[in-house]
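Structure, as C-alpha cells:
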Amino acid sequence: MITRTKYNPKEIESKWQAQWEADQQYHASDDSPKPKFYHLVMFPYPSGDLHMGHWYNYSPFDTYGRFKRMQGNNVMQPIGFDAFGLPAENAAIKRGIQARTWTLANSENMRKQLRSMGAQWDWSREVVTCQSDYYRWTQWLFLQFYKHGLAYRTKAPANWCTNCNTTLANEQVLADGTCERCGSIVIRKEIDQWLLKISSYAERLLDFSSVIDWPEKTMVMQRNWIGRSKGAEIRFTAEIGGKHEEIPVFTTRPDTIYGVTFFVLAPEHPWVEKITIPEQKTAVDAYVKQALRMTEIERMSAEKEKTGIFTGGYVTNPVSGEKVPVWISDYVLMSYGSGAIMGVPAHDQRDFAFARKFGIPIREVIRPEDEQPSDPETWTQAKEALGVMVNSGPFDGTPADRAIAEVIQYVEGKGIGKLMVNYRLRDWLISRQRYWGAPIPIVYCPEHGTVPVPEDQLPVWLPENVQFKSTGESPLRYEPDFLNTTCPICGGPATREADTMDTFIDSSWYFLRYADPHNSEAAWNPEKLKKWLPVDQYVGGVEHAILHLLYSRFFVKALHDMGHLDFDEPFLRLFHQGMVLGSDGQKMSKSRGNVEAPDKYISKYGADTVRCYMMFIGPFDAGGSFKAENLEGIWRFLNRFWSLVNETWTDNKRDVETRESKAIERLRHKTIKRITEDLSNFHFNTALAALMECNNALIKQQNDAVAQSAAYRRTLETMMQLLAPFAPHITEELWQQTGHTGSIHNTDWPAYDQALTQDEAFTLVIQVNGKVRERIEVPADISEQEVRELVLNNPRVATFIGETTIQNIIYIPGRLANVVVRKG
RNA sequence: GCCGGUGUGGCGGAAUGGUAUACGCGCCUGUCUCAAAAACAGGUCCUGCAAGGGUUGAGGGUUCGAAUCUCUCCACCGGCACCA
C-alpha cells in the first residue's frame with residue numbers, strides 16, 4: 001500500500017516536465033538502432049498565445065507519438081516557428097516596435113506554453129524561420145531553383161493601392177475591392193516579380209502513388225487545383241495588314257469545330273490591338289480599361305451576366321474555312337489556355353449565354369444518337385453531351401466515341417493543330433513587396449543584369465532596425481545600406497532585389513531542416529536526411545490541403561531532380577485534425593465572444609485533464625465544440641484512477657488464480673487490444689472510453705478479495721501504461737509512487753494474448769425473424785448444434801414461434817441466433 | 001453550378017451487415033452533511049399497468065437481419081467556381 005495522497009496536477013506536472021527536460025528524455029538520437037519514426041505536426045505561427053486550436057491539434061498528436069515511442073520506435077517529434085509574415089509587420093507599424101522583437105517575444109511566450117503541455121517535443125531541433133541560420137538556407141534553395149531554370153522573373157499582376165503606392169496581399173483587399181488601410185480603389189498592376197515553375201511539375205504532382213496514407217479528399221482537392229484537361233490546340237488564322245497570322249485556341253471539344261460562330265479574346269490578349277478595326281477602337285479601349293480595373297475579387301463576385309464587345313475583325317476557322325467575328329469578353333481568362341477561345345454556343349453553356357446576349361447564331365453540330373433534329377434557336381440551354389457529328393462537312397456521321405480523336409488526327413495531319421494537355425495550375429508567384437520575409441538573393445547590375453548572389457555570400461541580411469512608412473510600404477525600398485551593393489561579377493555599383501519571399505517558401509522545407517537543424521555548412525547533411533526523411537506521419541489542418549502541401553511536394557520533387565534528395569514525396573501519411581469550435585458550435589472568434597483561452601483550464605485542472613478532454617470531444621478529424629463543463633468528466637476519471645491506485649496498490653506478486661482473477665486478466669488483455677487498435681487508427685475518443693470502462697470495472701471490485709490478487713495489480717500497472725500517452729504526468733507520478741524505477745514512458749507498450757481477449761462466456765441473443773426475443777449466457781466454446789438445441793428448447797422463444805413453421809436458423813458464432821419462421 | 005463530407009437520446013458521441021444509444025456531460029433519486037459543495041450508490045430514448053410496440057433527417061429497395069449497402073429527396077458543413 002502506498003501513502004494516500006490527493007491528486008495535485010499543478011505540483012506533479014511541473015516536476016515531471018523539469019525532470020524530462022533534465023534527462024533529455026525526448027531528444028531523438030541520430031544513432032539509435034531502433035526504427036526511426038519521424039512524427040511531424042505543422043509548426044505554429046508565433047501569434048503570441050497557444051490557443052484552443054493548438055491544444056486540440058497537439059494533444060492527440062503527442063499521444064500518438066508517445067504511443068509509437070512505447071512501441072519501440074526512435075520517435076523524432078520536433079517543433080519550431082513559422083516566424084515570417086504579415087502580422088509581425090502590422091504589429092510593427094501599429095505599435096512602433098520592430099517586427100523581429102515582436103516575433104521573438106511571442107515565440108518565447110509560446111515556447112513556455114508548449115512546454116506546459118507535457119508533450120515530447122525535441123527542443124534541440126527547434127527551427128525558427130526568421131533567424132538568419134534558417135533563412136540563409138531558404139535563400140540557398142532559391143538559388144538552386146534559379147540555377148536549374150525553375151525560378152524566373154516576369155511581369156505579373158499585383159494588387160496595387162494607388163493612394164498608398166504599395167502592393168497589397170489578397171487579405172488586405174476588402175470585399176468591395178478597396179484598400180483596408182485607406183479605402184481607395186485597388187487595381188491590378190503589372191510589376192516585375194519572381195515566380196517558381198511549379199507548372200512544369202503539374203503532371204508529377206498528380207501522381208500520389210508513393211504516399212502510403214493520405215485523405216482521399218486532400219488528393220482530390222489537389223488534383224482539382226492542378227486541373228488537368230486534355231484536348232486540342234487549333235490555330236485559327238487572319239490576314240492582318242496583308243500578313244498571314246495564326247492565333248491558337250485550346251478546346252476540350254474539337255468535335256464541335258463546325259459549330260464555331262464567333263471567337264473571343266481575353267481583354268489582356270496581345271491581339272486585341274491589332275484585330276480591332278479603327279471604327280471600334282474607342283469602344284474596345286473603354287471595355288478593356290474597365291475590365292483591367294477590376295481586381296480578381298471583383299471579377300469573381302461579378303454577376304453571371306455576360307459582357308463583351310465586337311472588335312470588327314474576323315478570323316478564319318482552319319477546318320471549315322469559315323470566317324467568324326472576333327469579340328472581347330472578360331469571361332475568357334488570359335491565364336488559361338491561350339487566352340482566346342472558339343465560341344460554340346450550341347454545345348457550351350457559357351458560349352450559349354454569350355451568343356444569346358449578343359444575337360450570335362447558334363449552330364447544332366453534335367446530336368445524341370436517338371435524337372431528332374431541332375432548331376437551336378428554340379433551345380433554353382447548350383447541349384454539352386457527346387454525340388454524333390452533324391452539319392460538319394466530311395465528318396458528318398462520326399460517332400461520339402471517335403469524334404474527338406478523328407478531328408485531332410485531322411488537324412495534326414493538316415498541320416493546323418495538335419493534341420494538347422492544359423493545366424489550371426499557374427506558376428507560383430513568390431515575390432512579396434514586404435519587409436518581414438527572406439530577401440530574394442538577387443542583385444541587379446547595370447552591366448550584367450540579373451545576377452544571383454554567390455552562395456558563399458549568403459545570407460543576404462534582412463536589416464533589423466527599419467523605419468516603416470505610414471502606408472505600410474516595404475521599408476527595404478528605402479534602406480540604402482541594404483539596397484546599394486556591388487555586382488558579384490564586376491564589382492561595380494549595383495542594386496539588391498527589394499522584394500522578399502512568400503512565407504510558404506519557408507514552410508516548404510522546414511521538415512528537411514529538422515533532420516539537421518544546426519548545420520552551418522549546408523542546408524543539411526545528406527546522411528542525416530537519409531536517416532530521418534521522409535516524414536512518417538504528418539498532422540495538420542485541412543486548410544493547408546492545397547497550398548502548403550502542394551508546395552512542399554513540389555519542393556521535394558524539384559530537389560530530388562536536382563540530386564539533393566533521394567526521395568520524392570515528403571509526407572508518407574497525412575492526417576487532418578478537425579476544428580475546435582466555441583461552446584455555441586461556431587468558429588471561435590473575438591467578434592462572437594466565444595473564445596476560450598486554454599491557460600485558465602490548465603491552471604484549474606492541469607495539462608493531463610485538458611489533453612484528455614481534447615481527445616474525448618469526438619473523432620480527431622471531426623472537430624467539435626469546446627464545453628468547459630465536460631472537462632469535469634475527465635477530471636473525475638483521472639481522480640478516480642488516482643484514488644484507485646492509491647487505495648488498492650499491493651505488492652502481491654504471487655499468483656493464486658481464481659475465477660475472478662482470471663476474469664480480470666481477460667479484461668486486461670481485452671483493454672490492451674482495444675487501446676492498441678484505437679490508437680493505431682487515431683480513434684482517441686473511443687480509446688479513452690475503453691480506459692474509463694476498465695477503470696469502472698476495477699473500481700467495482702476494489703473492495704473484493706480479487707483486488708489483492710496479482711492479476712488486479714498487473715491490470716493497474718497496465719492501465720498506467722495504456723494511459724501514459726494520453727496523460728503523461730499523472731501516470732509518471734503513479735508509476736514512481738508504486739515503486740517502479742525509470743520513466744513509464746521508456747517502458748514497452750503492453751502486449752496482449754488474442755486468446756485471452758475472449759471472455760469465457762457470452763450473451764447469446766436469440767431473434768425470431770430479426771427481432772430480439774431472448775438472451776442467454778452460454779460458454780464461449782459452445783457448438784452450433786448445442787445452440788440450435790438451446791434455441792429450440794427455449795420456452796420464451798417457443799411462444800414467439802407458436803404455430804409458424806421454422807424455415808431456417810442462422811447462427812453467428814459468439815453473437816446471435818436468428819430463427820426464421822413463416823406462417824402456416 | 002461542380003466535387004467531397006455529414007445527419008443517431010436533452011447534449012458531445014459509440015456501434016461500418018448481427019443486442020442501437022457504449023463512454024462522458026446534464027438531469028432525477030438516495031447516502032454523507034446543520035447546510036451546501038465535493039465524493040459515493042442507483043436511475044434516465046418514446047409509448048404502454050404489463051406483455052408488447054416504436055425509434056438512427058424523409059421515403060423506397062436488397063437481406064433471415066440495415067444507423068451501416070443501394071436508389072430518390074431534404075437539411076447542414078467544407079472545397080472549387082466563367083478553366084474553354
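Lettering follows sequence order; numbering is per chain, from 1. Basis for what follows: all heavy atoms, side chains included, without hydrogens, waters or symmetry-related copies.
Dashed line: the shortest gap from a side-chain N or O of A:Ser643 to OP1 or OP2 of B:A39 is not under 4.0 Å. The phosphate of B:A39 has OP1 or OP2 within less than 4.0 Å of a side-chain N or O from A:Arg636. Distances shorter than 4.0 Å separate none of the side-chain N or O atoms of A:Lys217 from OP1 or OP2 on B:C77. Between A:Arg773 and the phosphate of B:G53, there is a side-chain N or O to OP1/OP2 separation shorter than 4.0 Å. The phosphate of B:A39 has neither OP1 nor OP2 within less than 4.0 Å of any side-chain N or O from A:Arg640. Phosphate contact (OP1/OP2 of B:G52, side-chain N/O of A:Arg796, threshold under 4.0 Å): present. Contact annotation: A:Asn696 side-chain N/O to B:G24 OP1/OP2 distance is under 4.0 Å. Proximity of A:Asn685 to the phosphate of B:A14: a side-chain N or O atom is located under 4.0 Å from OP1 or OP2.
Residue-level contact check: A:Glu632 touches neither bases nor backbone, having no heavy atom under 4.0 Å from any strand. At the heavy-atom level, A:Ile810 lies under 4.0 Å from base atoms of the strands shown. Nucleic acid contact class of A:Arg815 (heavy atoms, under 4.0 Å, all strands): sugar-phosphate only. Among the heavy atoms of the strands lying under 4.0 Å from A:Phe800 are primed sugar atoms or P, OP1, OP2 only; no base atom is included. A:Asn818 comes within contact range of at least one nucleobase, with a heavy-atom separation under 4.0 Å.
Residue A:Leu816 is the one, among A:Asn769 and A:Leu816, whose nearest nucleotide of RNA chain B lies closer to the 5' end (criterion: closest heavy atom). Nearer to the 5' terminus of RNA chain B, by closest-nucleotide assignment, is the contact made by A:Thr763 (compared with the other of A:Thr763 and A:Thr251).
Applying the Watson-Crick and G-U wobble criteria (two distances, each under 3.5 Å), B:A75 pairs with B:U6. Nucleotide B:U44 is matched to B:G26 when pairs are restricted to Watson-Crick or G-U wobble geometry with both distances under 3.5 angstrom. Summarising the base pairing, B:A39 is matched to B:U31 through a Watson-Crick or G-U wobble pair whose two defining distances lie under 3.5 Å. With a cut-off of 3.5 Å on both pairing distances, B:A81 has no Watson-Crick or G-U wobble partner at all. In this structure, B:A67 makes no Watson-Crick or G-U wobble pair, since no nucleotide meets both defining distances under 3.5 angstrom.
A:Thr237 and A:Glu246 get closest at one heavy-atom pair: CG2-CG, 4.1 Å.
Atom C1' of nucleotide B:G18 and atom CG of A:Leu764 are separated by 12 Å, given to the nearest angstrom. In this structure, A:Lys700 atom NZ and B:A41 atom P are separated by 8 Å, rounded to whole Å. A:Tyr601 places its OH atom 15 Å from the C1' atom of B:C25, with the value rounded to the nearest Å. Rounded to whole angstrom, the span from the CG atom of A:Leu547 across to the C1' atom of B:C80 amounts to 12 Å. As a whole-Å value, the separation of A:Arg424 CZ from B:C2 P is 18 Å. In this structure, CZ of A:Phe641 is placed 18 Å from P of B:C23, rounded to the nearest angstrom. Going from atom OH of A:Tyr613 over to atom C1' of B:G12 covers 7 Å, rounded to whole Å. Taking atom CG of residue A:Asp584 and atom C1' of nucleotide B:G12, one finds them 15 Å apart after rounding to whole Å.
Taking atom P in both B:A58 and B:C25, one finds a spacing of 29 Å when rounded to whole Å. For B:A66 and B:A51, the C1' atoms lie 27 Å apart once the distance is rounded to whole Å. Spacing between B:U44 and B:A22 at atom P, rounded to whole Å, works out to 10 Å. Comparing the same atom, P, in B:G1 and in B:U68 gives a spacing of 27 Å after rounding to whole Å. Of the P atoms belonging to B:G9 and B:G4, the separation is 27 Å, rounded to the nearest Å. Taking atom C1' in both B:C11 and B:G61, one finds a spacing of 34 Å when rounded to whole Å. Atom C1' of B:A38 sits at a distance of 14 Å from the matching atom of B:U31, rounded to the whole Å.
A:Ser329 places a side-chain N or O within 3.5 Å of a backbone atom of A:Thr307 that can act as its donor or acceptor partner. At distances below 3.5 Å, not a single donor-acceptor pair connects side-chain atoms of A:Asn681 with backbone N or O atoms of A:His683. A donor-acceptor pair under 3.5 Å links the side-chain atoms of A:Asn317 to the main chain of A:Ile257, judged by distance alone.
Residue A:Lys771 has its side chain nearest to B:G53 when only B:G53, B:A84, B:U19 are considered. Distance from the side chain of A:Val772 is smallest for B:U19 among the nucleotides B:U19, B:G24, B:G12.
Between the base of B:C25 and the side chain of A:Asn630 there is no donor-acceptor pair shorter than 3.5 Å. A donor-acceptor contact under 3.5 Å is formed by the side chain of A:Lys306 with the base of B:C82.
In summary, the aromatic rings of A:Phe616 and A:Phe726 are positioned with their centroids too far apart to meet the 6.0 Å limit.
A:Glu596 has no carboxylate O lying under 4.0 Å from a charged side-chain N of A:Lys627, or vice versa, which leaves the two without a salt bridge.
Of the residues listed (A:Phe354, A:Phe263, A:Phe262), the one engaging A:Trp327 in a ring-ring contact (aromatic ring centres under 6.0 Å, His included) is A:Phe354, and it is the only one.
Rounded to the nearest 0.5 angstrom, A:Asn696 CG and A:Gln701 CD are separated by 12.0 Å.
Anti is the conformation of B:G12, whose glycosidic angle sits further than 90° from 0.
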